[in-house]
Amino acid sequence: MNFMHRIVAKTQLSPNVTRLDVEAPRIAEIRQAGQFVIVRRGEGAERIPLTIADGDPATGTITLVIQAVGKSTRELVALEPEEAIMDIAGPLGHPTMLIDAGRALCIGGGVGTAVVHPIAQALHRRGVSVLSIIGGRSREWVIFEEELRRLGEVTVCTDDGSYGRHGFVTDAAKDALAASKIDVVYAVGPVPMMRAVVNLTRPLSVRTIVSLNPVMVDGTGMCGGCRVAVGGETKFACVDGPEFDGHLVDFDLLMDRLTTYREFEQQALAACEEAECRVGLGPTPAGAHPGSAPRVTIASLQ
Amino acid sequence: MTTKLTTKQRLQINRQKMSEQAPLIRNANFEEVNLGLPEKVALLEAERCLQCKDPKCVSGCPVMVNIPRFIEFLSQGQLSDAARSLLNDNALPSITGRVCPQETQCEVECIRGHKGLPVAIGYLERFVGDWARGHSAAQALQVAPPSGKKVAIVGSGPGGLTAAGELAKFGHDVTIYEALHKPGGVLVYGIPEFRLPKKIVQAEVARLEQVGVKIVCNTVIGRTYTLQELREQFDAVFIANGAGLPQFMNVPGENLKGVYSANEYLTRVNLMSAYQFPRADTPVLKGKRIATVGGGNVAMDSARTAKRMGAETSMIVYRRTHKELPARAEEVHHAEEEGIQFEFLVAPVAVVGNEKKWVTGLKCVRMQLGEPDASGRARPIPIPGSEFVIPCDIVVVAIGTRANPLLTSTCPDLKLNKWGNIIVDDKGQTSLTGVFAGGDIVRGAATVILAMGDGKSAAKAMDEFLRGGARRP
């Protein structure tokens with residue numbers, strides 16, 4: 001007896017990022033910032049972890065923001081309203097460690113911005129002053145700007161200068177850290193972006209939380225595939241995280257382990273493209289890893 | 001109906017063999033290895049049972065199956081009676097007939113084993129279980145009138161399924177919560193198809209659903225619902241969520257690409273059907289040389305799976321000797337037949353990799369056996385200076401699991417031992433009234449049948465608790 005998860009709305013946020021609002025009443029009721037779900041589209045599909053970008057207990061829906069880079073994510077965003085996702089399990093992982101007062105800097109790179117959103121939301125609800133810095137390759141790749149503006153000041157950065165500030169989010173972050181006292185930084189985006197942010201805040205001793213998205217299977221601690229090194233210790237991102245103290249994370253290991261299935265992902269994608277399953281999508285950004293790590297592989301900073 | 005044989009006649013019958021797929025054919029497919037007994041052969045094997053007045057085999061069985069009774073029905077050709085008798089004692093005979101370590105439980109106690117070979121109890125159990133599945137209409141669970149009590153079960157592995165069957169039989173309204181997308185727990189994610197076909201697990205689950213057991217998948221107790229919420233909504237709870245957290249070796253190089261926990265390796269292949277990639281979406285790395293660390297059933301399953309995934313060399317790396325292998329004898333035998341290599345008296349000290357961070361070998365040290373340790377087995381002692389590297393491209397770590405804290409950490413009132421396992425009393429009840437627990441979350445990593453035994457005895461204790469008119473906690 002599995003509850004089917006009806007898609008109630010679908011919105012294209014950027015050339016390859018899609019927002020799905022999906023029925024999952026229990027998760028909508030209890031999810032907290034920083035938590036994720038494991039999604040399996042249908043029979044034979046992969047189990048993929050996706051952060052819960054938003055949720056509404058009144059309508060019983062949660063918001064999933066998916067970057068379509070591999071076969072699994074492409075097939076997921078090919079679903080239309082009134083169609084259903086077979087399996088959604090969660091909410092999983094520890095909620096974000098939130099501060100109670102002060103000023104927080106929330107940095108989102110590419111689709112990572114969708115992960116930063118619930119964190120900013122929760123901070124705002126607590127009365128914390130939220131400053132967001134979000135980035136994309138160009139204007140059309142910037143997501144969740146409007147939602148974040150409701151929660152505080154937002155600086156948008158684009159790599160090509162087509163919108164907002166010209167440059168990387170780290171440049172804007174550097175200025176923000178110099179301009180005012182920041183109590184905590186939350187950074188979610190491609191691994192190189194998170195690493196750059198952490199390198200920026202380390203000498204300033206500003207606490208920095210990052211959200212990691214390694215390859216997962218079950219999401220409940222059973223497989224150990226999502227192991228990451230934090231402070232020299234092996235942790236399972238699914239049950240010990242997914243958020244960790246960025247100053248302690250071994251980003252090289254994370255980056256490397258994310259490439260484990262690249263060959264398989266390319267094979268699956270090729271087969272998928274042959275079968276013309278690429279519904280309504282722009283081109284895959286150059287250098288993005290298709291497949292297993294939809295959240296951390298936007299091309300904006302690679 | 002056949003006439004009864006004399007003891008002398010029974011003693012003259014040799015133990016029957018079960019036919020198997022040929023080793024070098026089966027090690028390239030995922031079809032079941034053992035092919036089962038034809039009815040005629042099963043009936044003949046059943047005649048070997050001496051119908052002891054004081055049957056020792058029964059006391060060797062963790063769920064106390066009345067073995068001589070179902071075998072006697074079988075020997076008389078009364079299959080329906082045999083099935084009813086067996087199912088009354090053991091809800092999952094098709095499963096235990098395949099995965100129980102009979103050689104250390106029922107069959108080791110068989111009087112015929114003292115001089116020659118014991119009755120093939122496991123084969124007969126499997127035969128009757130399979131017959132019952134094929135004749136399910138006649139074998140529907142008989143359930144008592146509704147008791148009006150609601151029970152929640154956490155986990156749909158062998159412990160949870162057994163408890164569900166028993167509790168349903170007692171007339172209680174049972175809901176099982178399963179974290180994964182498919183019911184069965186270790187029976188579907190862990191034990192490979194070639195040893196336990198998934199359709200058998202599905203059939204057992206369907207049998208429970210027929211009598212009203214509800215199975216809710218994708219529900220992680222400790223996350224989706226807390227234990228406290230279950231206690232508020234149900235009259236009793238049985239926790240059988242397994243020992244889900246894989247142990248690693250804590251040696252350098254363990255996070256290189258190509259190192260898997262057995263849980264992950266088997267889950268990818270079994271639950272997620274990675275052997276059908278790209279027809280199924282989940283991949284698994286394929287290697288030419290695969291080293292599996294460990295000597296239990298899970299290690300055998302991994303090594304044999306690796307062979308079937310196309311490994312030229314699949315080896316078991318174990319720090320003791322053949323004699324101490326904790327795996328079921330048949331699994332070791334099958335592994336050997338299938339060409340699995342065994343490296344005994346070696347222990348890994350590091351995983352070695354190349355500049356691209358892919359595994360290239362397993363650095364080991366040779367061991368010698370010393371005095372028995374706390375487990376009663378000879379303690380392996382490293383031989384200084386004996387380090388060497390086993391070249392391989394995949395390492396599967398199958399050295400056991402720990403208690404998964406996902407549920408227990410969200411319930412501070414639940415008393416745990418120092419390993420994080422739930423403490424229960426002799427009735428299987430935890431420190432919380434009305435909350436029972438069993439299987440690996442209580443025992444640490446054990447076996448399917450012990451989990452089933454816990455499920456069965458806890459169900460009985462829960463029934464007494466529920467009938468005792470206990471109020472909701």
Side-chain angles (χ1 to χ4, degrees), chain A residues 1-3 5 24 26-27 30 35 37-38 40-41 43-48 70-72 75 86-93 215-229 234 236 238-239 250 252-254 256-257 259-261 263-265 267-272 291-292, chain B residues 175-176 178-183 189 209 214-220 222-226 241-242 244-248 250 254-268 271-274 276-286 356-358 397 401-402 404-406 409:
Chain A
M1 187 173 77
N2 291 16
F3 180 90
H5 302 271
R26 175 63 186 174
I27 300 171
I30 59 164
Q35 290 189 300
V37 287
I38 291 274
R40 181 172 167 268
R41 180 187 42 80
E43 217 48 72
E46 272 187 286
R47 292 171 64 92
I48 52 177
K71 178 176 188 280
S72 296
E75 289 182 349
M86 188 181 270
D87 301 297
I88 299 183
L92 299 168
V215 176
M216 281 182 197
V217 184
D218 62 294
T220 63
M222 192 190 81
C223 85
C226 65
R227 53 198 193 278
V228 291
T234 296
F236 291 179
C238 66
V239 287
D250 181 343
D252 289 341
L253 177 71
L254 174 65
D256 185 57
R257 285 182 64 82
T259 66
T260 305
Y261 296 99
E263 240 176 71
F264 292 90
E265 286 152 4
Q267 192 190 336
L269 196 59
C272 167
S292 62
Chain B
T175 304
I176 305 181
E178 166 57 46
L180 292 171
H181 57 267
K182 246 187 224 164
Y189 76 72
E209 287 177 324
K214 294 174 278 289
I215 304 186
V216 184
C217 290
N218 297 315
T219 305
V220 185
R223 289 279 188 266
T224 316
Y225 296 95
T226 61
N241 59 345
L245 221 55
Q247 271 183 321
F248 284 91
N250 289 320
E254 214 161 14
N255 291 333
L256 289 166
K257 290 171 291 183
V259 181
Y260 280 118
S261 72
N263 266 4
E264 180 178 5
Y265 189 68
L266 292 172
T267 298
R268 283 179 177 272
L271 179 73
M272 305 309 293
S273 307
Q276 296 177 331
F277 182 90
R279 208 146 50 79
D281 290 347
T282 303
V284 70
L285 295 172
K286 291 186 183 183
K356 294 240 161 105
K357 309 283 184 198
W358 286 97
V397 183
T401 53
R402 288 176 291 138
N404 190 332
L406 217 146
S409 65

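Proteins get letters first, then strands, A, B, ... in listed order; numbering begins at 1 in each.
A perpendicular orientation is assigned to the rings of Phe277(B) and Phe264(A), their planes being inclined by more than 60° (bins at 30° and 60°).
A side-chain donor-acceptor contact under 3.5 Å links Asn263(B) to the backbone of Met222(A).
The heavy-atom pair separating Glu75(A) from Asp281(B) by the smallest distance is OE1-OD2, 3.8 Å. Summarising the geometry of Arg223(B) relative to Val239(A), their closest heavy-atom pair is NH2-O, 4.1 Å, with the distance given to 0.1 Å. Summarising the geometry of Gly221(A) relative to Pro246(B), their closest heavy-atom pair is O-CD, 3.3 Å, with the distance given to 0.1 Å. Here the shortest heavy-atom pairing between Arg227(A) and Val259(B) reads NH2-O, 3.0 Å. The two residues Cys223(A) and Ser261(B) have their closest heavy-atom pair at O-OG, 2.6 Å. The shortest non-hydrogen separation linking Lys257(B) to Thr260(A) is CG-OG1, 3.3 Å.
Heavy atoms of Leu256(B) lying under 4.5 Å from chain A belong exclusively to its backbone. Heavy-atom distances place both the backbone and the side chain of Asn255(B) under 4.5 Å from chain A. For Ser273(B), no part lies under 4.5 angstrom from a heavy atom of chain A. For Leu406(B), the part lying under 4.5 angstrom from a heavy atom of chain A is the side chain only. Residue Ile27(A) does not touch chain B at all, counting heavy-atom pairs closer than 4.5 Å. For Phe248(B), the part lying under 4.5 angstrom from a heavy atom of chain A is the side chain only.
With rounding to the nearest 0.5 angstrom, the NE2 atom of His181(B) is 6.0 Å from the CZ atom of Arg47(A). Going from atom CD of Glu263(A) over to atom NZ of Lys286(B) covers 11.5 Å, rounded to the nearest 0.5 Å. The structure places CG of Asn404(B) at 9.5 Å from CZ of Phe236(A), a figure rounded to the nearest 0.5 Å. We find the CZ-CG distance between Arg26(A) and Asn218(B) to be 14.5 Å, quoted to the nearest 0.5 Å. In this structure, NZ on Lys357(B) lies 8.0 Å from CG on Asp252(A), to the nearest 0.5 angstrom.
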- request: Apply the test side chain to side chain contact (heavy atoms under 4.5 Å, CB included) to residues Glu254(B) and Thr234(A): give CA-CA distance (whole Å), side-chain angles for both, the deciding distance (0.1 Å), then the verdict.
  value: CA-CA 9 Å; Glu254(B) 214 161 14; Thr234(A) 296; over 6 Å; no
query: side chain to side chain contact (heavy atoms under 4.5 Å, CB included) between Asp218(A) and Thr267(B): does it pass, once the steps are laid out?
result: CA-CA 9 Å; Asp218(A) 62 294; Thr267(B) 298; 5.6 Å; no
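Note on Trp358(B), Tyr265(B), Tyr189(B), Tyr225(B): by heavy-atom pairs under 4.5 Å with chain A, the leading option is Tyr225(B). Most heavy-atom pairs under 4.5 Å with chain A, from the set Thr401(B), Val284(B), Asn250(B), Val397(B): that is Val284(B). Chosen from Gln35(A), Gln267(A), Arg257(A), Glu43(A), the residue pairing most often with chain B at heavy-atom distances under 4.5 Å is Arg257(A). Between chain A and the residues Pro278(B), Pro283(B), Ala280(B), the most heavy-atom pairs under 4.5 angstrom are made by Pro283(B).
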